[in-house]
Amino acid sequence: MEKVIGIDLGTTNSCVAIVENGSPVVIPNRGGYKTTPSMVAVTEAGKRLVGHIAKRQAITNAENTVYAAKRLIGRKWNSPQVKNAVATSSYRIVEGPHRDVRIVLRDKEYSVPEISAMVLQEMKVIAEDYLGETVVKAVVTVPAYFNDNQRQATRDAGEIAGLDVIRIINEPTAAALAYGHGRNLEKVVAVYDFGGGTFDISILEIGGHGVFKVIATAGDTFLGGEDVDARIIDWLVQGFKEEHGIDLRQDRMALQRLKDAAEKAKCELSSVRETEVNLPFIISSGRNEALHLQRALNRATLEELSEDLIERTVDICRQTLEDARLGKTEIDEVLLVGGMTRMPKIQQVVAEFFERDPSKGVHPDEVVALGAAIQGSALLDEKQEMILLDVTPHALGIMTHGNYFEELIPQNTTVPTHRTKIFTTSRDNQTAVKILVMQGEHENAEENELLGEFILTGLRRATKGSVEIEVTFEINADGIVSVRAKDLETGVEQQIQVTATSGLTRDEIKNMIDGAKDELVERRTSEEFEGVKQEAEKLIGEIERLFPQVEQIVASSDFGRDAIEKARAIVGKARQAIQKRDVALVKEQIEGLTRTHRMFKGVVAKT
Amino acid sequence: MNGDDDEEDFDDPFGAERPTTPADAVPDERPTVSPPFNVEDYARASEAKVKAAARTPTPPQKSEFSTRPPPALRFERDEDDSNIDRPRPPQITLTDEDVIEEARLRSVLIPSDLPPRRRASSQPGAEEEGPATVAYPAEYERDPFARLAAQTSAAPDPERALKDMRNRFSLGDFTGALELAEVCLQGDPANEAALTCAEECRTKLIQMYSARIGPLDRVPTVMVASEQLRWLSIDHRAGFLLSHIDGVSNLEMILDVSGMPMLDALKILCELVQQRVIAMR
């Protein structure tokens with residue numbers, strides 16, 4: 001059966017999982033890590049770096065390293081989140097041709113889905129290396145608050161990466177799914193997700209028939225583990241300044257090392273009470289004297305440094321419960337998601353707030369990807385019961401007089417569906433109405449996302465409120481929204497089909513797919529070359545090691561001397577092939593090298 | 001090919017007499033900081049040289065295109081200097097290596113026919129002994145480097161610098177030629193000849209260092225115990241590169257993530273190999 005992978009495309013880290021023999025498992029990357037940083041960089045030499053390697057140079061090559069692209073995906077250029085990112089990001093963000101967002105790396109513009117596609121492609125490669133076969137189908141998770149455009153942009157990213165995204169699911173839903181896998185639960189679950197770059201709290205109702213309703217969701221897209229790292233860095237920088245009078249922030253290399261050390265210390269303090277930050281040669285003084293940073297950090301200090309950040313998450317939880325009109329006692333289970341929830345202080349604070357111990361049954365870094373893999377497996381296996389139903393992530397409606405949002409299709413409605421509502425004119429002698437199709441939950445229409453608009457004309461002249469217009473919203477099985485407005489008296493009607501857009505045209509996506517394919521082919525070729533090169537070099541080394549012995553043994557025989565000359569020629573050809581980076585030629589030479597090696601070993605063994 | 005074979009590719013001025021190194025040192029000894037020669041002999045020889053230098057002033061360098069380094073500047077005052085009853089040598093004493101390096105860079109632009117400096121009044125009779133002198137600007141008396149600074153910052157002779165650069169390049173002194181090209185480019189960033197020369201020098205130097213360090217798919221490992229690292233005589237840039245050596249990442253990855261210019265990173269890595277701080281797998 002075709003394999004389907006589950007991908008947690010995170011703001012700071014991504015994770016890929018698969019269901020094997022009925023159990024979901026996370027696939028480690030080549031470095032053995034189960035999560036991969038969602039970072040992309042382009043080096044001075046134009047080489048593309050993704051994952052850990054990109055993270056390791058994120059500060060020294062800050063202008064050309066993209067992090068947290070997820071905060072930008074599917075957003076319009078003029079959105080407040082984009083404005084914020086433009087002001088705070090180290091990489092350059094510019095306006096795209098369709099009012100979308102583009103990122104400039106080494107003078108080349110990339111769309112945000114293209115950047116996310118590089119991360120998704122990395123996850124695809126990790127899975128393919130593990131499985132030893134090509135993977136195409138995937139379930140990708142997104143935050144519960146993502147609107148249709150953001151979801152579509154994520155789909156486009158998957159397509160560019162060479163993936164067929166068969167379903168997009170909400171992250172808290174995926175976490176709950178992994179938590180409830182194999183158990184028939186009917187519970188109200190709070191998912192406290194404190195990741196590297198964002199914090200989200202979601203309240204879900206797990207129904208008995210595969211419906212996971214997101215009752216409420218809230219969060220802070222600029223609050224995460226990186227903020228805690230920043231506090232540790234501040235503490236280290238301040239201490240060093242007091243001791244040596246040097247501001248380490250002025251040196252990028254020092255800052256890169258501080259960042260890595262701060263993250264390491266933070267992780268260590270989840271399991272030990274004290275750790276040491278030891279960075280020799282962190283900087284050179286004005287007198288060219290190398291200075292070292294060595295400082296002990298204990299858990300209490302870390303908790304003190306991050307106290308207000310943790311408190312902010314609690315405030316958001318409190319507000320979310322109030323918005324959902326839910327009491328703490330109505331929450332049956334609390335799930336912890338995200339690496340930051342490993343911190344003992346956070347576990348303690350969450351337990352105190354929800355007045356119950358959070359569930360220990362799920363792995364905070366892996367649970368979302370595991371849930372996606374479970375859903376993917378269920379979608380492909382006809383024998384399995386459908387686990388999740390497709391629901392609308394946000395309410396759909398239109399803007400009415402006074403900037404109010406009139407909801408037609410509520411949030412979490414299973415699709416396909418259709419709803420109709422009658423509206424009237426708001427002015428005397430009004431002959432036309434403008435229908436603004438929106439998505440969101442705010443009463444104030446302007447707070448919601450505008451999906452499209454159209455005008456219904458030819459209405460009869462009458463006093464306000466006397467002309468009736470029927471508005472129908474319909475979502476088909478493919479998630480395409482159609483909105484129809486009809487003058488009930490004249491029968492005149494207008495309609496619009498709303499398709500979510502990532503801001504990219506089909507042609508652009510096609511070009512990006514081709515580019516990504518080429519990149520992958522190049523990468524695979526390079527990897528193949530490295531493999532054959534290593535094999536060839538190993539054989540060359542062995543043969544060269546045996547040369548003196550064989551020469552001595554066959555010194556008296558002409559035939560032997562010929563063989564040695566031939567062997568030298570083979571070694572020479574192999575070296576040339578390696579120099580040319582010609583995979584086929586190196587493979588060809590490996591055969592000759594193997595024969596020579598076998599012959600040499602035989603000659604030596606006989607004596 | 002093992003690590004020892006690779007080491008042989010590197011210039012070893014001390015040949016087979018290489019003394020203690022981390023590889024063969026007693027574990028608790030400081031690695032690489034032990035100089036590869038007898039310190040006491042060296043100190044005695046240096047002292048003799050200093051005394052000789054004090055007696056015989058160093059003649060000015062004749063060839064402006066020489067690849068020889070400019071006259072050495074003393075870094076620090078010797079402990080026993082105060083005990084030596086002799087006039088101070090005609091060398092400038094500095095303690096700041098940055099300043100020394102700056103001065104060294106500038107020195108390559110000094111025309112060989114600089115007017116000899118007027119002797120200080122504290123050295124009676126010197127004026128009569130020396131050749132005919134020209135007036136030396138007062139500001140240079142206060143700041144011996146002011147003249148050099150003025151020469152480079154105001155208007156270094158670009159033709160001379162370019163000529164010197166080309167000569168150095170033709171002599172195979174790519175480091176020197178690159179330094180000169182960079183100095184020229186400071187004055188004229190669009191200078192075609194300097195740009196081309198700088199690029200060619202970088203390419204040549206990268207080739208040289210790459211050849212020394214070997215294939216980039218090799219994985220370097222730190223040969224010094226972590227608690228002994230701080231005793232090494234390296235700077236923060238080398239420290240930064242060392243921090244990226246984890247026994248898993250190969251040279252290519254380290255060069256990618258260093259964020260340093262390829263040439264600088266390769267040079268430092270070569271130095272670390274030479275000092276036996278790191279070795280290749």
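All values reported here derive from a predicted model rather than from experimental measurement. Sequence lines set the chain letters: A, B, ... in the order given, protein chains first and strands last, and positions in each chain run from 1.
Crowding of A:Asp107 atom CG: a count of heavy atoms from other residues, nucleotides or ligands under 6.0 Å not exceeding 12. Shown here is A:Phe529, whose CZ atom has more than 12 heavy atoms of other residues, nucleotides or ligands within 6.0 Å. For A:Arg92, the CZ atom sits in a loose shell: 12 or fewer heavy atoms of surrounding residues, nucleotides or ligands are nearer than 6.0 Å. Counting non-hydrogen atoms of neighbouring residues, nucleotides and ligands closer than 6.0 angstrom, the CD atom of B:Glu227 exceeds 12 such neighbours.
Counting heavy atoms from C-beta outward, A:Thr60 and B:Phe240 have side chains that approach closer than 4.5 Å. Proximity of A:Glu44 to B:Met262: side-chain heavy atoms (C-beta onward) are nowhere separated by under 4.5 Å.
Contacts between B:Leu242 and chain A at a heavy-atom distance below 4.5 Å are absent for every atom of the residue. Interface remark: A:Ser284 contributes backbone and side-chain atoms alike to the contact with chain B (heavy atom separation under 4.5 Å). When heavy atoms are compared at a cutoff of 4.5 Å, A:Glu289 does not approach chain B at all. Neither the backbone nor the side chain of B:Asn250 comes within contact range of chain A; no heavy atoms are under 4.5 Å apart. For A:Asn278, the part lying near chain B is the side chain, with the backbone staying farther off; criterion is any non-hydrogen pair under 4.5 Å.
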Please output the side-chain donor-acceptor pairs of residues 46-56 of chain A that fall under 3.5 Å, not counting sequence neighbours, one pair per line with the distance.
unit_1, atom_1, unit_2, atom_2, d
A:Lys47, NZ, B:Glu252, OE2, 3.0
A:Lys47, NZ, B:Asp256, OD2, 2.6
A:Lys55, NZ, A:Glu263, OE1, 2.7
A:Lys55, NZ, A:Glu263, OE2, 2.8
A:Arg56, NH1, B:Ser249, OG, 2.7
A:Arg56, NH2, B:His244, O, 2.8

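A:Phe281 contributes atom CZ, which lies 15.0 Å from atom CZ of B:Arg237 (distance to the nearest 0.5 angstrom). The CD1 atom of A:Ile282 lies 9.5 Å from the NE2 atom of B:His236; values are rounded to the nearest 0.5 Å. In this structure, A:Met253 CE and B:Leu241 CG are separated by 7.0 Å, a value rounded to the nearest 0.5 Å. Between atom CZ of residue A:Arg252 and atom CE of residue B:Met260 there is a gap of 13.0 Å, rounded to the nearest 0.5 Å.
Partners of A:Lys533 under the side chain to side chain donor-acceptor pair (under 3.5 Å) rule, at least two apart in sequence or in another chain, are B:Asp217.
No other option in B:Asp235, B:Val257, B:Val248 has as many heavy-atom pairs under 4.5 Å with chain A as B:Val257.
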